[in-house]
Amino acid sequence: MPESKGRKKTPTSRYQLHPQRKQRSKASPKWFAPAMASLMVVGIAIIVWNFFRNNGNSFDPGMMWVGLGVLAAGFFGISFWK
């Protein structure tokens with residue numbers, strides 16, 4: 001009488017003796033951190049310039065949002081730095 005093949009067992013990751021190691025991700029280029037830092041400095045400079053132009057008489061909310069957007073882009077970019 002022939003023997004049955006049986007079910008194939010799938011290895012589970014729960015009971016592995018040697019877990020798989022995570023691969024290291026690439027490091028960021030050397031220019032990345034200074035570029036993001038300069039974006040943050042430019043954003044702060046735009047905000048400060050907006051407050052102090054024309055002796056504080058002409059505050060532009062649109063320019064404030066531009067400065068905050070550039071500043072936020074720098075903070076968002078620096079979060080990916082490795």
> Minimum heavy-atom separation for I78 to M36, with atom names?
Replying inline: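 Taking every non-hydrogen atom into account, CD1-CB, 3.7 Å.
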>> Tell me the closest heavy-atom pair linking K82 and S28, and the distance in Å.
In response: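 Looking at all heavy atoms of both residues, the shortest contact is N-OG, 3.1 Å.
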> Under a single-linkage definition using a 4.5 Å side-chain heavy-atom cutoff for Ile, Leu, Val, Met, Phe, Trp and Tyr, are W31 and V42 assigned to the same hydrophobic cluster?
Replying inline: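 Yes, W31 and V42 fall within the same hydrophobic cluster.
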> Does L71 share a hydrophobic cluster with V48, counting links as ILVMFWY side-chain heavy atoms below 4.5 Å and allowing steps through other members?
Replying inline: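 Linked within one cluster.
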> What pairs of residues pass the ring pair (Phe, Tyr, Trp, His ring centres under 6.0 Å) test when at least one of them lies in residues 61-81, not counting sequence neighbours?
Replying inline: F76-F80
> Has the side chain of N50 got a donor or acceptor atom that lies under 3.5 Å from a matching backbone atom of D60?
Replying inline: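 Yes.
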>> Do M64 and F59 make a side-chain contact, defined as non-hydrogen atoms from C-beta onward lying under 4.5 Å apart?
In response: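 Yes, their side chains come closer than 4.5 Å.
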>> If I take atom CG from residue L68 and atom CD1 from residue I44, how far apart are they, to the nearest 0.5 angstrom?
In response: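 That separation rounds to 10.0 Å.
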>> Run W49 and M63 through side chain to side chain contact (heavy atoms under 4.5 Å, CB included) and show every step you take.
In response: CA-CA 9 Å; W49 172 76; M63 193 58 82; 3.8 Å; yes
